[in-house]
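The structure appears right after this line, and notes come after that.
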Amino acid sequence: MESMAVAGHSIHTCFHIKAKNPRVNLEKQVFGVPVLHHGVSCIGKKLKGKVGAGVQAVQVGLEESERVRNLKSLERTLELDAVSERELREKGFLGLRKTKLVCTIGPACSSLEDLEKLVLGGMNVARLNMCHNTREWHRDVIRKIKKLNEEKGFSVSVMIDTEGSQIHVVDHGAPSSLKVQEDSIWLFTNEKFDGSVPFTVQANYEGFSEGIKVGDELVIDGGMARFEVIEKLGSDLRCKCTDPGLFLPRAKFSFWRDGKLVERNYELPTLSTKDWSDIEFGISEGVNFIAMSFVNDAESVRQLKNYLSTKSAASVRVLAKIESLESLQKLEEIIEASDGIMVARVDLGVEIPLEQIPTVQEEITKVCRQLNKPVIVASQFLESMIEYPTPTRAEVADISEAVRQYADALMLAGESAIGLFGQKALSVLQMTSSRLESWSREENRQGSLLPRQLGVSLPDRIAEQICNSAVELANNLAVDAIFVYTKHGHMASLLSRNRPNPPIFAFTNDESTRMSLNLQWGVIPLLVDLSDDMESNISSTIHLIKSKGLVKEGDSVLVVSDVTPSRATPMAFQSIQVINMSQFRQIRNRKAPFLDCHSSHLAVRCGDFFTKITDRLSGKKKLEKELKSSENGAGQFLFWVLDVLTGFTP
Ligand SMILES: Nc1ncnc2c1ncn2[C@@H]1O[C@H](COP(=O)(O)OP(=O)(O)O)[C@@H](O)[C@H]1O
Ligand SMILES: C=C(OP(=O)(O)O)C(=O)O
């Protein structure tokens, strides 16, 4: 054991852990777990009156004047975005929406007024697809969003999608959508000519028909219309319509043989020359996310991330769009290489049968959570609302299903970009996701993917386990919020991964972290000027939230702090504390922590306890016996924590 600080009901311990399991490199890691000896008896119920009244442990070595200075500077700089603040006032902590919303910006919503309405309607991320419209148009939209952020106190992130390389139709013989009649004969060609020729479809890639045989099936947009290849004329294909339907501009097509997709290795790069120049544009306009279209392997994601690093733009997060069979086959490596995933359901439906989309979506969402990467489920949630003012019941059910699967974010495409009822569509998305979230909470149905099922899969197992346990504590103690202090957002995302009942307030002093956390389920990112003194950070942020009148009598918070080594805290220190915010008072006049006999007894227990856990539970039985027989509350508490933590069998 290294050091300890105890005051009031909060106990902080800090100790070395020596692991016997070589996979867990604990030797150099130190963390502290402040624990309560009250509260054991109130698991699952509201904590009113039972929680330590405040954070009273004070950093060793910090002079009082410095502490007060830290507190004052924090108070000046805490930024909670205007939309979250309004929602918090209206609905309280537990009423905050957890599922994030992404809107595609297009001609129907690109004015300043319309963008503001989308932000007020809950848009967390504005998405611009670089395959449409001009660069000037995109620049104008990005600047409008930044202007709104600055002037109205919003915090909306910007995402651009690269166009990517996919075989699609350049022209299908008409300027707009076209009905395809049964048995009509069409020519598919790579020849380039100006204008439209009836019954002639120009493809964007000359090798589009390589490997295709007479008798193969050509499917438009995953089933909008179907043709049979009846003749090969050089690289052109003569096809007969077997299943009539619609030809949309830029329709995508795929070939099928014996009920299976004909897989071909097109010599098309994931990022074209145009994409690279769009990426340059995105960097220069300070976008927060780049969503890469048609990613087929992890290498292309790494290539973009390396490029961003060389351009000092590593803070731009790279999302991989899963929209091909190949990307599904290499799903895990792509997820691991990227900063997040978009399930691009429209294009995915071109390459896999439509009936497989729901289960594939669920699988991708689950793997993303396991690997701790945010996932956006995209497109066609409210397709009918492009034209109609109300959604179909099936569309509402589709939204609910994605929320039930715990996707981090849901995305509108044509509904907001070109739809007649974009704002209404966003409000349907917002209301449906909020409704399902509160239903899950009320009915205590949050356990569909328990932390145990997430497995122990991440490289930083200590942080992972602390966050898993913190969320279990937060849920069982029914706290109103979780606070986390984070530089890169790592701890915040690990907490979010467990999909807790209370919202996660992530305090960061890094603007790019704040913007990237906008995609993370249940996280309210706040920009603060964090100091080295974690206790004063905690004290000031609670004080500030209180002073804004956002705390009600009895509101409690579970605080997870992740402090990197500094002058004031020479060791890495991660701690969990539970604080009753309404009774909280800022402590300004205490200089040093103090110990008492009871606390030092507890700390020894803690050291013993964690050593045994990391020793693959070998000591669990013995320790259980010791803790069970303990006569004080601390022993009982640790017995319970042991029970929580040891559910995570390595
Ligand atoms: N910036 C834009 N300018 C014009 N139209 C757009 C723009 N962005 C999107 N759209 C329209 O909205 C629709 C949906 O957009 P998107 O989600 O990019 O899907 P996709 O490109 O696959 O159709 C597009 O088909 C296009 O008609
Ligand atoms: C979001 C999608 O991709 P894009 O809009 O780029 O075609 C999709 O296919 O669902």
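In this chain, numbering begins with 1 at the start of the sequence shown.
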request  = Give me the one residue out of Asp555, Leu558, Ile538 that meets side chain to side chain contact (heavy atoms under 4.5 Å, CB included) with Ile579.
outcome  = Ile538

query = When you check the gap from the basic side-chain N to the acidic O, do Glu85 and Lys548 get nearer than 4.0 Å?
reply = yes

inquiry  = Applying side-chain contact (heavy atoms from CB on, under 4.5 Å) to Arg404 and Leu436, what does each step give before you reach the verdict?
reply    = CA-CA 7 Å; Arg404 196 195 57 75; Leu436 200 92; 3.8 Å; yes

query = Can you check whether Leu148 reaches Leu112 side chain to side chain, under 4.5 Å on heavy atoms?
reply = yes

note = The reported gap from CD in Gln520 to OG1 in Thr513 (rounded to nearest 0.5 angstrom) is 11.0 Å

task = For residues Asn537 and Phe507, determine if any side-chain heavy atom of one lies less than 4.5 Å from a side-chain heavy atom of the other.
result = no

Over 12 foreign heavy atoms within 6.0 Å of NZ, Lys152 = no

query = Going by atom types only, do Ser561 and Ser575 share a side-chain donor-acceptor pair under 3.5 Å?
reply = yes

query = Heavy atoms, side chains only, cut-off 4.5 Å: are Ile145 and Phe154 in contact?
reply = no

Name of the residue among Asn475, Ile482, Val471 meeting side chain to side chain contact (heavy atoms under 4.5 Å, CB included) with Asn498 = Val471

task = Inspect the contact between Arg497 and Asp408 and indicate whether a charged nitrogen and a carboxylate oxygen are less than 4.0 angstrom apart.
result = no

query = Near Glu90 CD, under 6.0 Å, is it more than 12 heavy atoms from other residues, nucleotides or ligands?
reply = yes

ask   = Do NZ/NE/NH1/NH2 and the carboxylate oxygens of Arg143 and Glu285 come within less than 4.0 Å?
value = yes

request  = Determine the sole option in Val102, Asn288, Val158, Leu101 for which the side chain to side chain contact (heavy atoms under 4.5 Å, CB included) test with Val125 is passed.
outcome  = Val102

request  = With the side chain counted from C-beta on, respond yes when Val156 and Asn518 share a heavy-atom pair under 4.5 Å apart, and no when they do not.
outcome  = no

task = Write down the atom of Lys144, the atom of Leu115, and the distance for their closest heavy-atom approach.
result = CB-CD1, 3.7 Å

key: Taking every non-hydrogen atom, the tightest pair across Leu94 and Val479   = CD2-O, 4.3 Å

